[in-house]
Asker: 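Can you read through this structure? Questions will come right after.
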Amino acid sequence: MREVDLRSDTVTHPTPEMRQAMADAEVGDDVFSDDPTLNKLEAMAAERLGKEAAVFVASGTMGNLVSVLTHAQRGDEIIVGDKCHIFRNEAGGASALGGVAYNILPNDEHGMLDPDEVAAAIKPPNVHFTRTAMIGIENTHNACGGATLTPEDTKAIADVAHRHEVPLHVDGARIFNASVALETPVAELVKDADSVSFCLSKGLSCPIGSIVVGSSEFIDGARKWRKMVGGGMRQVGIVAAAGIVALETMVERLAEDHSNARKLAQGLSQIPGISIEPDKLYTNLVFFEIKDGDPAVIMQEINRRGIKGGMPTRRWRFVTHYGITSEDVDNTLEVMETVMRDFSKN
Ligand SMILES: Cc1ncc(COP(=O)(O)O)c(C=O)c1O
């Protein structure tokens with residue numbers, strides 16, 4: 001039985017070309033800036049995102065953490081959305097490790113912040129207040145259905161931030177999905193941001209790694225924080241080699257994941273007991289609701305039939321990626337239809 005793993009795009013395996021590049025990679029000690037393969041990847045990433053410099057980190061969480069720590073000091077605050085990954089899914093690292101407070105504003109259903117609310121939330125200098133040291137947005141927005149922010153959306157927040165001399169950070173874990181969906185170069189999407197983190201290990205299929213980009217001064221600071229949180233790596237060219245292949249060969253194909261996501265959403269919308277809003281589908285994240293039956297039982301039954309995914313709650317997320325073919329989508333829909341028919345009334 002072929003397994004169809006829809007839990008996340010983090011389950012992707014490196015491509016054969018990546019494995020070959022990893023085997024052949026020239027390496028050095030990156031803490032001495034001596035790894036030629038990593039130096040090449042960082043230069044490529046900075047250029048691709050239109051920023052001066054880049055630093056490789058172990059994960060998206062580490063990328064966001066070192067970005068916050070570089071922008072903010074103890075006792076400062078960052079303004080982020082209530083549904084964003086930095087606030088909800090990174091174990092409170094900014095406050096636990098950095099002494100940085102979160103000032104939370106509502107994300108709208110597209111993952112956007114209201115620029116007027118951001119302006120009102122930025123603290124004026126006053127002995128009673130925390131200093132607002134960073135504003136963070138997320139593109140694509142994971143919890144908001146993989147929604148994309150346009151360059152205009154980002155500019156609207158950046159304008160407010162910069163008017164108050166506050167830097168803007170973009171959590172771009174899936175920024176290349178946004179770039180492909182909006183048919184807009186990634187540098188254009190982040191041109192008004194001061195720092196950006198993006199993941200190589202999600203839709204781009206690398207085994208490990210994320211990258212932070214920004215000004216040379218900012219990246220020097222981030223490099224120091226990365227060392228402090230234990231992220232200084234040695235012969236990291238082994239994994240950087242996969243990152244180079246990813247940037248060269250894996251970006252355009254994300255369109256395939258988006259088209260499989262559309263097909264999946266369309267099919268799910270035809271299955272009784274499932275509720276989905278196909279117009280809320282933007283990239284490769286397919287959110288829907290199991291309206292009828294016990295979601296825990298339905299999850300167990302699809303898992304038994306080779307479809308990995310589902311939750312014991314009503315809101316589900318299926319994610320398309322490099323490991324999912326159009327036939328896998330057909331198979332998933334068939335299984336979902338059977339299981340919903342047989343188990344949604346129990
Ligand atoms: C929007 C967003 N930011 C950051 C991360 C963190 O990435 P990692 O799992 O590599 O720490 C994720 C992971 O899913 C994410 O969806």
Side-chain angles (χ1 to χ4, degrees), residues 5-14 45 49 55-69 78 80-94 96-97 102 104 107 109-113 134-149 153-154 168-179 181 186 189-190 193 195-213 222 225-226 229-231 233 236 239-240 242-243 246 254 257 261 282-287 309 311 315-323:
D5 195 341
L6 294 160
R7 289 172 300 170
S8 176
D9 44 12
T10 56
V11 303
T12 43
H13 290 191
L49 278 92
V55 61
F56 182 85
V57 289
S59 66
T61 300
M62 187 187 275
N64 286 331
L65 178 64
V66 301
S67 297
V68 171
L69 294 174
I78 57 172
V80 290
D82 60 344
K83 299 189 186 70
C84 80
H85 202 274
I86 289 180
F87 175 55
R88 294 216 314 201
N89 299 100
E90 296 183 6
L97 303 175
Y102 301 91
I104 302 306
N107 278 119
E109 58 179 4
H110 300 289
M112 183 60 177
L113 297 176
M134 188 194 99
I135 293 163
I137 54 176
E138 190 173 309
N139 194 12
T140 66
H141 201 292
N142 185 343
C144 294
T148 52
L149 296 180
D153 293 332
T154 301
L168 175 69
H169 174 71
V170 174
D171 174 358
R174 296 182 180 81
I175 194 79
F176 285 100
N177 291 88
S179 164
V186 73
L189 286 182
V190 300
S195 58
V196 185
S197 57
F198 73 92
C199 294
L200 294 163
S201 62
K202 298 195 167 67
L204 300 186
S205 302
C206 289
I208 302 166
S210 290
I211 293 192
V212 179
V213 299
W225 277 112
R226 181 188 67 167
V229 297
M233 288 170 264
V236 70
V239 285
L254 293 171
D257 300 341
Y282 310 93
T283 48
N284 66 328
L285 309 182
V286 182
F287 283 87
M311 299 280 284
R315 190 167 195 244
W316 281 22
R317 186 190 78 166
F318 279 168
V319 183
T320 56
H321 51 77
Y322 173 62

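In listed order, ligands and their atoms are each counted from 1. Values below: all heavy atoms of this structure, side chains included; hydrogens, waters and symmetry mates excluded. In what follows, residues are counted from 1 in the order of the sequence shown.
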Asker: When you measure from the side chain of T283 to the backbone N and O of G146, does any donor-acceptor pair fall under 3.5 Å?
Answerer: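 Such a contact is found between T283 side chain and G146 backbone.
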Asker: Tell me, which protein residue and heavy-atom name are nearest atom 15 (C) of ligand 1, and how many Å apart are they?
Answerer: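 Its nearest protein heavy-atom neighbour is H85 CD2, 3.2 Å.
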Asker: For atom 1 (C) of ligand 1, what's the nearest protein heavy-atom neighbour? Residue, atom name and distance, please.
Answerer: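 Of the protein heavy atoms, E138 OE2, 3.2 Å lies nearest.
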Asker: Under 4.0 Å, heavy atoms only, figure out whether ligand 1 is touched by the backbone of S59, its side chain, both or neither.
Answerer: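 For S59, the contact with ligand 1 is made by both the backbone and the side chain.
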Asker: I want to check something: taking the side chain as every heavy atom from C-beta on, are S8 and K202 in contact at a cut-off of under 4.5 Å?
Answerer: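 Side-chain contact under 4.5 Å: no.
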Asker: So, the side chain of E90 versus the backbone of N64: is there a donor-acceptor pair under 3.5 Å, distance only?
Answerer: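 Between the backbone of N64 and the side chain of E90 there is no qualifying donor-acceptor contact (under 3.5 Å).
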Asker: Have a look at L113 and tell me which of N107, V80, L149, D82 forms a side chain to side chain contact (heavy atoms under 4.5 Å, CB included) with it.
Answerer: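 Single side chain to side chain contact (heavy atoms under 4.5 Å, CB included) partner of L113 among N107, V80, L149, D82: N107.
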Asker: Which residue and atom name correspond to the protein heavy atom nearest atom 11 (O) of ligand 1, and how close is it?
Answerer: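 For atom 11 (O) of ligand 1, the nearest protein heavy atom comes out as T61 OG1, 2.6 Å.
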Asker: Quick one: which ligand 1 atoms are inside 4.0 Å of a heavy atom on N142?
Answerer: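 Atoms satisfying the 4.0 Å criterion: 16 (O).
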Asker: Can you tell me the protein heavy atom closest to atom 3 (N) of ligand 1 and the distance?
Answerer: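 Sorting protein heavy atoms by distance from atom 3 (N) of ligand 1 puts D171 OD2, 2.7 Å first.
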Asker: Could a heavy atom of R174 be found less than 4.0 Å from some atom of ligand 1?
Answerer: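 Yes, that is the case, since the closest heavy atom of the residue is under 4.0 Å from the ligand.
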Asker: Does T10 approach ligand 1 within less than 4.0 angstrom via side chain, backbone, both or neither, non-hydrogen atoms only?
Answerer: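 None of T10 does.
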Asker: Give a yes or no on whether the backbone of T148 and the side-chain of R174 come within a donor-acceptor separation of less than 3.5 Å.
Answerer: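 Side chain of R174 to backbone of T148: no pair is present.
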Asker: Got a donor-acceptor contact below 3.5 angstrom from the H321 side chain to the G323 backbone?
Answerer: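 Here the side-chain-to-backbone pair exists.
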Asker: Can you tell me which residue and heavy atom of the protein come closest to atom 13 (C) of ligand 1, and the distance to 0.1 Å?
Answerer: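 Protein heavy atom with the smallest distance to atom 13 (C) of ligand 1: K202 CE, 3.0 Å.
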Asker: If you have a sec, work out which protein heavy atom is nearest atom 10 (O) of ligand 1 and how many Å separate them, to one decimal?
Answerer: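 Answer, as residue, atom name and distance: G60 N, 2.8 Å.
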Asker: Measure from the ring center of Y282 to the ring center of H141 and say whether it is less than 6.0 Å.
Answerer: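 Between Y282 and H141, the centre distance exceeds or equals 6.0 Å.
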